[in-house]
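Throughout, protein chains are lettered first and strands after them, A, B, ... in sequence-line order, and every chain is numbered starting at 1.
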Amino acid sequence: MVKRIGFACKWVKNTNNRIESVAELNNRVTTVSWLNRQTKLDAEQRLWDIMQHNLTASLQLVKKVGSLTDQLRMVRLSSDILPMYTEGVWSTFWKRPDVRNYCESNFSIIGEVARNLNVRLSMHPGQFCCLSSDRTEVVENSRLEIEYHSDMIRWMGYGKSWQDFKCNIHVGGRVGPTAIRNILPKLSSTARNTLTIENDEISWGLDDTLKLADCLPLVIDLHHHFIKTGEYILPSDARITKVKDSWRGIRPVIHYSQCRPDVVNSSLSSLPDLSILVASGIKKQQLRGHSEYFTNSAVNSWAYGHWNWADIMCELKSKNLGSQLLYESWNI
DNA sequence: AAGCGTCAAGGCATG
DNA sequence: CATGCCTTGACGCTT
């Protein structure tokens, strides 16, 4: 069993101590408002160009990750590969048969390469995907967002069996875990095979996501759990056992990040104490932010204990650079 | 070349 | 009720 460490969405390089995006491995973007200012022809040409670029870049990214040592072969693909896929007006572009054919054949290559190179892939619909909203139109839009990801996952040849791919969401919204449970029968089999539920740091924490352990795998975000509760949860904790069991034999994935050292402003070799930080006037909002690198060695030592039972997705500004450093510090 | 304003969507915190 | 923030840069437009 390979123990993996991964990163999210973007490949960067270090140039003169500055983190710099590598264009040919990363996505291009556009905005609805920009598209609306163009002629339909120009706008659709732009979407076509972005689609071509992003699919090529995603393939190159998977190949790049596939060239790393086994334990670093894990990456989250961006949700922005096909911009406006679920937007009210421009979603029509993505229904064109020529567009769908292009997506289908190119995503299929990405999936094939990932499987050949043993790269573990995932995706993560963003904050606007709220399956547990109390507004029906928001739930419906969120369902479409899930199915957008499911289309990409299916084209890549995943979603055929339980957790051959991870598509991670938060509970989101005001209704709570029950809403997630209730909507599952309305989702595609691809979505039901790939969805995972992550605890957040404000509304729905680990105690809430655990209520879904019988129907979906749970992703514990160690940082979110710390921000919400102040706890450095241990691998031996009974709740961790429940999280692990929710994956039904597949090696789980957890998320890991650290507070920004300039916000915490304390020793980098001891565990920050949440209650002391909050008492000193630091807002939880500020503590939510992710650091550039994993500079706190005490927090790293604690997180290391979790690598035994789960692959670790790093959420860092320094992306692949920071996860590589973490791997090097752990692989002595 | 450099600087600045803009960006689909939800929801929470703040005033 | 209205505004700003979260995340976060990348892009396009102006100077």
Side-chain angles (χ1 to χ4, degrees), chain A residues 7-13 15 18-38 42-43 45-47 49-50 53-54 57 61 76 78-94 123-149 168-176 179-180 183 198-205 208 221 223-224 227-228 255 257-260 263 278 281-292 313-322:
Chain A
F7 64 97
C9 302
K10 227 176 101 170
W11 186 274
V12 299
K13 62 180 178 183
T15 308
R18 276 190 28 250
I19 294 170
E20 208 170 81
S21 179
V22 178
E24 64 270 23
L25 297 176
N26 295 314
N27 282 336
R28 284 188 198 146
V29 299
T30 187
T31 63
V32 170
S33 117
W34 186 88
L35 292 171
N36 287 343
R37 291 194 296 267
Q38 318 304 311
D42 287 346
Q45 185 60 49
R46 174 74 177 152
L47 287 174
D49 292 344
I50 289 177
H53 172 89
N54 289 356
L61 178 64
R76 177 196 303 169
S78 164
S79 290
D80 301 327
I81 298 177
L82 310 178
M84 319 312 164
Y85 195 93
T86 61
E87 193 270 343
V89 172
W90 297 104
S91 57
T92 54
F93 171 82
W94 299 106
M123 285 188 153
H124 192 347
Q127 61 184 327
F128 299 110
C129 185
C130 284
L131 288 175
S132 115
S133 173
D134 52 5
R135 296 163 52 198
T136 53
E137 71 273 21
V138 173
V139 175
E140 176 58 9
N141 289 342
S142 301
R143 190 187 66 79
L144 292 173
E145 188 69 11
I146 296 285
E147 295 305 339
Y148 156 50
H149 287 78
N168 181 61
I169 57 168
H170 294 276
V171 173
R174 296 187 177 88
V175 180
I180 306 288
I183 204 167
E198 176 187 349
N199 57 302
D200 71 55
E201 69 278 68
I202 304 288
S203 305
W204 306 104
D208 303 300
D221 186 307
H223 184 65
H224 290 167
I227 298 297
K228 194 157 199 299
H255 291 183
S257 44
Q258 290 187 0
C259 299
R260 295 168 43 147
V263 171
V278 170
I282 302 173
K283 297 267 178 275
K284 280 200 180 186
Q285 290 273 7
Q286 299 171 267
L287 294 167
R288 289 170 72 185
H290 295 162
S291 64
E292 199 159 65
M313 276 302 294
C314 301
E315 296 179 324
L316 277 174
K317 286 188 193 292
S318 60
K319 303 293 178 183
N320 51 293
L321 300 176

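- Annotation: dT7(C) and dA13(B) have their P atoms spaced 15 Å apart (nearest Å).
- At whole-Å resolution of the value, CD1 in Ile50(A) and P in dG12(C) are 8 Å apart.
- Toward the 5′ end of DNA chain C lies the nearest nucleotide of Ser21(A), the other residue of the pair Arg37(A) and Ser21(A) mapping further downstream.
- Using the six-membered ring where Trp is involved, His290(A) and His223(A) have ring planes that are perpendicular, over 60° apart on the 30 and 60° scheme.
- In this structure, the CG atom of Leu144(A) is 13 Å from the C1' atom of dA8(B), given to the nearest Å.
- In the model, Asp49(A) has a side-chain atom that pairs as donor or acceptor with a side-chain atom of Gln45(A) under 3.5 Å.
- Atom CG of Leu287(A) is separated from atom C1' of dC5(C) by 15 Å (rounded to the nearest Å).
- Side-chain nitrogen and oxygen atoms of Ser33(A) include at least one within less than 4.0 Å of the OP1 or OP2 phosphate oxygen of dC7(B).
- When heavy atoms are screened at a 4.0 angstrom cut-off, Gly126(A) is found touching no nucleic acid atom at all.
- For the side chain to side chain contact (heavy atoms under 4.5 Å, CB included) criterion with Asn27(A), the lone passing option out of Leu82(A), Asn54(A), Leu61(A) is Asn54(A).
- In this structure, Glu292(A) places its CD atom 9 Å from P of dG9(C), rounding to the nearest Å.
- The side chain of His290(A) lies closest to dT8(C), out of dC13(C), dA8(B), dT8(C).
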Going 5' to 3' along nucleotides 9-15 of chain B, which nucleotides have protein heavy atoms under 4.0 Å from the base (write B), which only from the sugar-phosphate (write S), and which from neither (write -)? BBSSS--
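- Between Ile19(A) atom CD1 and dT8(C) atom P the separation is 12 Å, expressed in whole Å.
- Nucleotides dA8(B) and dG12(C) are separated by 13 Å at their P atoms, to the nearest Å.
- With rounding to whole Å, His255(A) atom NE2 is found 16 Å from dT7(C) atom P.
- For the P atom pair drawn from dT8(C) and dG5(B), the interatomic distance equals 22 Å after rounding to whole Å.
- Spacing between atom CH2 of Trp34(A) and atom P of dA8(B) amounts to 13 Å, rounded to whole angstrom units.
- Listed pair Lys10(A) / dA10(C) meets the phosphate criterion, a side-chain N or O lying under 4.0 Å from OP1 or OP2.
- One finds a side-chain N or O of Arg46(A) lying less than 4.0 angstrom from the OP1 or OP2 phosphate oxygen of dG12(C).
- Checking each of Met313(A), Glu315(A), Lys228(A) against Asp221(A) for a side chain to side chain contact (heavy atoms under 4.5 Å, CB included) leaves exactly one that passes, namely Glu315(A).
- Straight-line distance from the CD atom of Glu201(A) to the P atom of dC5(C): 18 Å, rounded to whole Å.
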